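Basis for what follows: all heavy atoms, side chains included, without hydrogens, waters or symmetry-related copies. In each ligand, atom 1 is the first atom listed, and ligand 1 is the first ligand listed. Everything numeric here is computed off the predicted structure, so don't read it as measured data.
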Amino acid sequence: MISTIKGDITGLDFDMIVNAANAHFARGGGVCGAIFAKAGPELDAFCAKLPKGKAGDVRISPAFGLPSKAILHAVGPIYEGTKENAQALAGCYWNCVAMAYQYKREHDLERLSLAFPCISTGIYGYPHEAACDIAVRTIRKIRSAFPDTKSIDIIFVCYEQIDYELYKKALKEL
Ligand code: AR6
């Protein structure tokens with residue numbers, strides 16, 4: 001199942017949530033700030049030990065004070081309008097599904113819910129429509145290349161009305 005809802009990703013109970021992270025995996029603003037605030041200082045301590053990444057990279061951490069099983073920290077690209085930006089954003093979605101699938105297998109789970117925020121569309125300035133298109137296309141692509149990943153339910157959690165409208169439309173067209 002692929003769905004979209006409007007809301008705060010930290011206020012709902014998903015098996016895994018994705019953080020729109022920075023390359024240092026440090027506490028930031030936006031959804032990153034909200035996740036760190038609710039997860040608590042143990043998340044700062046854990047993330048401080050992670051190796052620095054680049055756009056497209058994803059690291060996993062426990063969820064600490066959040067109800068989820070784990071957090072995936074995806075480094076979105078800072079928007080400059082390049083092809084590399086688009087590839088890195090697609091990489092975030094692809095790598096998150098791949099890591100969630102690996103976690104699901106390791107923990108012998110039948111299904112797993114994976115909630116994404118609209119990575120890069122806030123502080124990092126990615127245009128909403130282009131980012132939505134990349135997110136939905138990448139999820140479709142990995143599900144068709146690796147049908148077993150359909151056991152992961154994808155939820156696009158939109159904080160802003162503009163994103164919610166875009167995702168509703170894109171998912172209807174699937
Ligand atoms: N739940 C869901 N989505 C949210 C929430 C929330 N609680 N709060 C904001 N959003 P942003 P970026 C949406 O700026 O553009 C941080 O400082 C927001 O409306 O959080 O990837 C990091 O540490 C937007 O649609 O992330 C990095 O330095 C989306 O989340 C940098 O910002 C992403 O906006 C990353 O910038």
**Asked** Looking at side-chain heavy atoms only, is the closest gap between K141 and I139 below 4.5 Å?
**Response** no

**Complete:** Closest to atom 16 (C) of ligand 1 by heavy-atom distance, out of G33, G29, G7, is G29

**Request:** Would you indicate whether the side-chain heavy atoms of P51 and F25 approach each other to under 4.5 Å?
**Result:** no

**Within-4.5 Å side-chain heavy-atom neighbours: I78 and Y126** = no

**Request:** Would you please say whether a donor-acceptor pair under 3.5 Å links the side chains of T10 and K38?
**Result:** yes

**Complete:** among protein heavy atoms, the one nearest atom 21 (O) of ligand 1 is S120 N, 2.8 Å

**Message:** With the threshold set at under 4.0 angstrom, would you say G76 reaches ligand 1 through any of its heavy atoms?
**Reply:** no

**Complete:** Quick note on ligand 1: atoms under 4.0 Å from a heavy atom of D8 include exactly 1 (N), 6 (C), 7 (N)

**Asked** Any idea which protein heavy atom is nearest atom 3 (N) of ligand 1, and the distance to it?
**Response** Y159 CB, 3.4 Å

**Item:** Identity and distance of the protein heavy atom lying nearest atom 29 (C) of ligand 1
**Value:** C118 O, 3.2 Å

**Asked** What are the atoms of ligand 1, with element, lying closer than 4.0 Å to any heavy atom of D163?
**Response** 25 (O)

**Prompt:** Among Y126, Y79, F25, Y124, whose heavy atom sits nearest atom 31 (C) of ligand 1?
**Reply:** Y124

**Prompt:** Got L66 and F64 here, is their nearest side-chain heavy-atom distance under 4.5 Å?
**Reply:** no

**Prompt:** At a 4.0 Å threshold, what atoms of ligand 1 neighbour a non-hydrogen atom of V31?
**Reply:** 1 (N), 2 (C), 3 (N), 4 (C), 5 (C), 6 (C), 8 (N), 9 (C), 10 (N), 20 (O), 30 (O)

**Asked** Quick one: nearest non-hydrogen protein atom to atom 23 (O) of ligand 1, plus distance?
**Response** N22 ND2, 2.8 Å

**Prompt:** Between Y79 and Y124, is the ring centre distance below 6.0 Å?
**Reply:** no

**Request:** List the steps, then state whether salt bridge (Lys or Arg N to Asp or Glu O under 4.0 Å) holds for K169 with E173.
**Result:** CA-CA 6 Å; K169 186 165 175 279; E173 283 164 8; 3.6 Å; yes

**Prompt:** At what distance is the nearest protein heavy atom to atom 2 (C) of ligand 1, and which residue and atom is it?
**Reply:** I9 N, 3.6 Å

**Asked** To the nearest 0.1 Å, how far is atom 32 (O) of ligand 1 from its closest protein heavy atom, and which atom is that?
**Response** I123 CD1, 3.3 Å

**Message:** Heavy-atom distances under 4.0 Å decide this one: backbone, side chain, both or neither, for T10 against ligand 1?
**Reply:** neither

**Asked** Taking distance alone, with no angle check, do G122 and ligand 1 share an N/O pair under 3.5 Å?
**Response** yes

**Asked** Which atoms from ligand 1 have a heavy atom of E160 less than 4.0 Å away?
**Response** 18 (C), 19 (O), 24 (C), 25 (O)

**Prompt:** Nearest to atom 24 (C) of ligand 1, what protein heavy atom do you find, and at what distance?
**Reply:** T121 OG1, 3.4 Å

**Prompt:** Would a 4.5 Å heavy-atom cut-off, applied to side chains only, mark C118 and E160 as touching?
**Reply:** no

**Message:** If the test is side chain to side chain contact (heavy atoms under 4.5 Å, CB included), which one of V97, D15, D153 qualifies with L114?
**Reply:** V97

**Request:** Find out whether N22 and V75 are in side-chain contact, i.e. whether some heavy atom of one side chain is under 4.5 Å from a heavy atom of the other.
**Result:** no

**Message:** Quick check on the 6.0 Å ring-centre criterion: do F116 and Y93 meet it?
**Reply:** yes

**Request:** List every atom of ligand 1 that sits less than 4.0 Å from any heavy atom of A20, numbering the atoms from 1 in the order shown and giving each element.
**Result:** 21 (O), 22 (C), 26 (O), 35 (C)

